[in-house]
Number of protein chains: 2
Amino acid sequence: MSTDAHPSRLPARPVGRVTITDVARAAGVSVATVSKVVNGRYGVATATAQRVLEVIADLGYETSLVASSLRRGRTDVVGILLAGFDPFATELLKGISAEAVGKGYELLAYSGAISDDNAVGWERRSLSRLGGTLIDGAIILTPTVSLAGTSVPVISVDPHTGSGGSHVVDSDNVEGARAATRHLIELGHRRIAHIRGRTDLESAHRREQGYRLSLAEAGIPFDPDLVRDGGYRAAWTTEPARELLTMPDRPTAVFAANDLSAFGVIEVAHELGMRVPHDLSVVGFDDIPEAASASPRLTTIAQPLQAMGARAVTMLFALLDGQEAETHVRLPARLVVRKSTSPPPVL
Amino acid sequence: MSTDAHPSRLPARPVGRVTITDVARAAGVSVATVSKVVNGRYGVATATAQRVLEVIADLGYETSLVASSLRRGRTDVVGILLAGFDPFATELLKGISAEAVGKGYELLAYSGAISDDNAVGWERRSLSRLGGTLIDGAIILTPTVSLAGTSVPVISVDPHTGSGGSHVVDSDNVEGARAATRHLIELGHRRIAHIRGRTDLESAHRREQGYRLSLAEAGIPFDPDLVRDGGYRAAWTTEPARELLTMPDRPTAVFAANDLSAFGVIEVAHELGMRVPHDLSVVGFDDIPEAASASPRLTTIAQPLQAMGARAVTMLFALLDGQEAETHVRLPARLVVRKSTSPPPVL
DNA sequence: ATGAAAGCGCTAACAA
DNA sequence: TTGTTAGCGCTTTCAT
């Protein structure tokens with residue numbers, strides 16, 4: 001009801017959400033008036049505003065993001081669309097979050113239900129479901145399809161399609177892969193295998209390209225038999241790694257397209273009784289936090305994930321602000337030498 | 001795209017979100033029919049459904065989460081409410097995400113705009129803004145206020161208030177802190193300082209309690225001068241750490257209430273020309289991924305963050321499913337000895 | 001200064 | 001089998 005006997009205590013609020021109607025009723029005004037007070041519009045008597053504010057505090061009312069976003073254009077919320085909260089995504093999130101703090105936007109990281117039938121195109125779906133209503137703009141992590149003609153500004157981080165019409169942040173995959181392979185070559189390896197990433201991703205191609213480039217530079221002939229698909233996942237790497245490590249004249253080193261598949265390779269190597277790096281050198285890519293604590297600690301290529309996230313928000317905010325933003329930002333990737341690489345065994 | 005001067009994009013552009021009305025018009029049916037098709041309701045002629053489906057595919061229509069959630073009760077989306085995407089939160093997210101996959105729910109991690117005036121009570125605000133409309137239930141990370149009487153099921157992870165009426169997942173902070181302090185004592189330290197966590201958080205009290213307990217067990221008198229507030233943040237730790245390390249008869253070891261403040265302590269120690277662990281031993285708490293790669297690698301208490309996240313979702317799904325769920329799940333924390341602790345220097 | 005009413009995109013009764 | 005209608009909670013004209 002409108003009067004509570006114990007104003008200092010939490011009042012008996014209506015069951016469920018407190019709506020603007022509840023507030024209006026309790027304050028004895030119309031919902032329009034409450035809305036004006038909440039949004040600081042002019043045309044409300046000070047006394048009325050005062051009373052409404054009290055009721056709001058009393059009832060613990062907060063305007064519903066959903067309802068207001070449906071009515072308003074803006075929400076001051078930016079979405080980060082991702083396929084799941086994996087180490088790659090969470091590192092990016094850290095950078096995004098740190099950069100976004102205090103800029104007046106709220107962050108909403110959204111992971112649609114991933115199942116087999118929406119495994120591809122999740123980003124379009126998520127964007128359609130949220131864009132234009134819930135979020136003012138979006139940062140999409142590793143989109144696999146083109147994002148042309150979206151209803152809100154979009155920044156793609158490490159996208160499959162080159163630029164795909166949207167603004168892009170990525171790191172220099174070719175150079176990174178080249179550095180990784182060169183490191184192995186400089187250690188003395190000649191038979192260097194490569195576990196590919198998801199072949200539908202641009203980054204996977206670029207990493208393979210860097211691998212080949214480095215081989216060519218060292219005059220090592222490319223052997224297609226030493227290249228397998230690992231899909232950027234530890235589990236999918238198991239089989240190809242086993243094939244690679246049990247073949248005659250097996251490779252002495254593996255450049256895996258990302259850290260997760262590098263872990264997969266190391267696991268298989270251990271299963272087969274090999275020691276890393278003594279019997280097999282392994283280089284990853286990404287430098288997720290787990291890479292530093294793995295056993296052995298993983299030599300890998302560090303993508304500046306947090307910096308990439310930070311750049312992405314900066315660009316998005318600029319866009320939302322009606323300003324220009326760079327179309328493509330490419331940050332350098334660098335080799336981090338740890339304990340999973342060493343000179344090849346003397347066979 | 002030439003008129004950026006006008007921020008108002010009110011006019012209905014032909015290019016923008018595709019709504020159910022667009023689909024209905026294009027298919028020559030009513031919006032109700034489209035809705036039925038989209039939601040697989042009975043009572044639509046096969047031919048009509050076919051045509052509508054085609055138009056939907058053509059236009060790339062997806063139902064708006066916002067609009068449908070406003071109308072429907074359920075959204076099949078669970079919210080993870082957090083103050084920011086810090087290492088603690090992202091580890092939990094990994095566990096949550098891994099456990100939630102394939103369960104038919106979508107995940108929405110929400111970080112409200114953090115500013116000074118809403119620094120406290122953000123969780124209530126976020127919950128009010130999203131609950132009852134956008135999300136079916138919520139997992140709240142480190143809530144600092146009581147969450148009684150919410151409109152949706154809530155699981156609190158590592159909350160300030162004991163149980164606060166809601167379901168809780170946390171780790172054994174007392175035992176963890178006790179193990180940390182005991183480790184230092186066993187190494188031979190006697191003057192062991194403690195950097196407190198945020199004193200408004202339950203976990204901070206429990207960690208101090210474990211510290212005192214361990215001291216008492218070893219017969220070491222408690223010295224209030226050796227306890228300072230660090231607020232769980234590296235920056236806030238700088239001053240108290242400096243005081244501690246420059247005092248006469250300085251401590252030879254510090255048990256910091258979390259890894260972030262342990263880093264703060266180490267930084268100050270380095271500034272003062274001390275080597276860790278040679279001149280000063282430091283133990284943290286949490287075992288965020290950064291702890292393993294820090295220099296020196298940090299001895300700390302590992303909270304099973306991912307497992308905690310996984311348990312939280314499991315409990316929430318049970319609740320949403322109308323089942324019972326444990327009221328309080330407490331997971332064990334364990335000591336991880338790395339390189340930031342050693343016997344005290346011989347003074 | 002205030003409130004009535006329209007409508008954002010959608011779903012669910014109910015009619016036709 | 002279809003369309004009409006009435007809201008979900010909110011903001012925003014436009015009257016009063």
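None of the values given here were measured: they were computed from a predicted structure.
- At a cut-off of 3.5 Å, with distance as the only test, no side-chain donor of B:D158 or B:T142 sits close to an acceptor on the other residue.
- Few gaps surround CD on B:Q323; more than 12 heavy atoms of other groups in view lie less than 6.0 Å from it.
- Distance NZ (B:K36) to P (D:dG3): 8 Å, rounded to an integer number of Å.
- Atom-to-atom, CG of A:L130 to C1' of C:dC10 comes out at 15 Å; the value is rounded to the nearest Å.
- When the C1' atom of C:dT2 is taken as reference, atom CZ of A:R51 falls 12 Å away, rounded to whole Å.
- Rounding to whole angstrom units, CG of residue B:L134 and P of C:dC10 are separated by 15 Å.
- Between A:R124 and B:E62, no side-chain nitrogen of the basic residue sits less than 4.0 Å from a carboxylate oxygen of the acidic one, so the salt-bridge criterion is not met.
- Distances shorter than 4.0 Å separate none of the side-chain N or O atoms of B:R17 from OP1 or OP2 on C:dG9.
- At a threshold of 4.5 Å between non-hydrogen side-chain atoms, the residues B:S64 and B:R17 count as touching.
- Contact between the side-chain N/O atoms of A:S68 and the OP1/OP2 oxygens of D:dC10 is not found at any separation under 4.0 Å.
- At the heavy-atom level, B:T63 lies under 4.0 Å from the strands shown only through sugar-phosphate atoms.
- As rounded to whole Å, 13 Å separates atom C1' of C:dC10 from atom CD1 of B:I56.
- With DNA chain D read from its 5' end, the first of the two nearest nucleotides for B:G28 and A:T33 is the one closest to B:G28.
- Within 4.0 Å (heavy atoms only), A:T48 reaches sugar-phosphate atoms of the nucleic acid but no base atom.
- Taking atom CG on B:L65 and atom P on C:dT11, their separation rounds to 11 Å, with Å as the unit.
- Of the side-chain N and O atoms in A:Y42, none sit less than 4.0 angstrom from OP1 or OP2 of C:dT2.
- Nearest nucleotide to the B:I20 side chain, out of C:dT11, D:dC10, D:dT2: C:dT11.
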Between the protein and nucleotides 5-8 of chain C, are there any N/O to N/O pairs under 3.5 Å, and if so, what are the atom names and distances?
unit_1: C:dG7; atom_1: N2; unit_2: A:R71; atom_2: NE; d: 3.4
unit_1: C:dG7; atom_1: N2; unit_2: A:R71; atom_2: NH1; d: 3.1
unit_1: C:dC8; atom_1: O2; unit_2: A:R71; atom_2: N; d: 3.4

Distance-only donor-acceptor hits, side chain of residues 94-102 of chain A, under 3.5 Å, sequence neighbours excluded:
unit_1: A:K94; atom_1: NZ; unit_2: A:E91; atom_2: OE2; d: 2.6
unit_1: A:K94; atom_1: NZ; unit_2: B:E290; atom_2: OE2; d: 3.2
unit_1: A:S97; atom_1: OG; unit_2: B:F85; atom_2: N; d: 3.1

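- Side-chain N/O atoms of B:S166 and B:S156 include a donor and acceptor closer than 3.5 Å.
- At whole-Å resolution of the value, CG in A:N39 and C1' in D:dC10 are 9 Å apart.
- The residue B:S64 sits close only to the backbone: its heavy atoms come under 4.0 Å of sugar-phosphate atoms, none of a base.
- If you check every strand for non-hydrogen atoms under 4.0 Å, A:V29 touches sugar and phosphate atoms only.
- The distance from atom CZ of B:R41 to atom P of D:dG3 is 18 Å, rounded to the nearest whole Å.
- B:E54 has its side chain out of reach of B:D58: every pair of non-hydrogen atoms, C-beta onward, lies at least 4.5 Å apart.
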